[in-house]
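Remarks on the structure that follows.
Every number for a ligand or one of its atoms is a count from 1 in the order of the listing.
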Amino acid sequence: MPKLTFEATLMEKFIEILANKEEITQRALDILLVKIKDALQSRDQFTIALAGGSTPKPLYEALAQQALPWDKIHVFWGDERYVQSDHPDSNQRMARQAWLDQVNFPPTHLHPMPTAANDPKVDAETYNRELEQFFHLNAGEFPVFDVVLLGMGDDAHTASLFPHTEALTVQDRLITVGNKDGQPRITFTVPLINHARCVMFLVTGANKQEPLAQVFASEADAIAYPSRLIQPVGELWWLLDAAAGANLT
Ligand SMILES: O=C(O)[C@H](O)[C@@H](O)[C@H](O)[C@H](O)COP(=O)(O)O
């Protein structure tokens, strides 16, 4: 696999260690509400890409309690397991149950990753085209999401960008096929995430201590610790609970 290189980028990095999941949820909500307000004032539209997994679910539940102009917000997914949308592992299903189906989003404002073609490459290409059309992109352009939410696995993967996989090296697409132990995923690529105005990691649990130490180390192999590749042109937020961030204080 080619050595990964990426230019140094201008970004503002914020690392906050909070007591627990509840504090992370509240802090993430507070930041998101500011980003939504700023986006609506500047562009009259807010675009967000959701993370899957378990950590963001309380944040989605908290968002469902907000009175926001849902008709000005567009929701995408940063990655998806390659299962049907009603499968228990579906990231779409989790976000709909926790938030999206609990408020009156216009259906056209929800942009789930397709998983029905029985070929992840086809579905990845379909979603790639959907983003190109939605953001009116010319060939080779990347869209700028207002916020990309991310989690991090205990192998330092993020989205469905897993260690030592081809997905890590894709630089000319918005969407590609991820691979978790042979199981296909659909995922944002590194350059797509890195074009965001704001990337926010929510990371909890003592099992994330070691991978975080590698992600924040001055030197480490980004192919082995893919979250190192996330260096957005905009803001980078790391919201960690005390267990995950214990070694960083
Ligand atoms: O589809 C997924 O599973 C996620 O996108 C994945 O990248 C997740 O964010 C991490 O695995 C952390 O998951 P937890 O939040 O459950 O620790």
Tell me the salt bridge (Lys or Arg N to Asp or Glu O under 4.0 Å) pairs involving residues 193-205, sequence neighbours left out? Asp146-Arg197
Quick test of your reading: applying salt bridge (Lys or Arg N to Asp or Glu O under 4.0 Å), list the pairs with at least one residue in residues 97-112, sequence neighbours left out, ordered by first then second residue. Arg96-Asp101
Donor-acceptor pairs under 3.5 Å, side chain of residues 125-132 to any protein atom, not counting sequence neighbours: which ones?
residue, atom, partner, partner atom, Å
Glu125, OE1, Arg173, NH2, 2.2
Glu125, OE2, Arg173, NH2, 3.3
Thr126, OG1, Val122, O, 2.9
Tyr127, OH, Trp77, N, 3.2
Tyr127, OH, His111, O, 2.5
Asn128, OD1, Leu174, N, 2.9
Asn128, OD1, Ile175, N, 3.0
Asn128, ND2, Glu132, OE2, 3.3
Glu130, OE2, His111, ND1, 2.9

Evaluate the ring planes of Phe145 and Phe76, with Trp represented by its six-membered ring, and classify them as parallel (under 30°), tilted (30 to 60°) or perpendicular (over 60°). perpendicular
Strictly under 4.0 angstrom, heavy-atom based: which residues surround ligand 1? Gly52, Gly53, Ser54, Thr55, Asp79, Arg81, Asn91, Gly151, Met152, Gly153, His157, Thr158, Ala159, Arg185, Lys208
Taking atom CG of Asn118 as the centre, does the number of heavy atoms from other residues, nucleotides or ligands within less than 6.0 Å exceed 12? no
Under the ring-ring contact (aromatic ring centres under 6.0 Å, His included) test against His195, which residue among Phe142, Phe188, Phe135 passes? Phe142
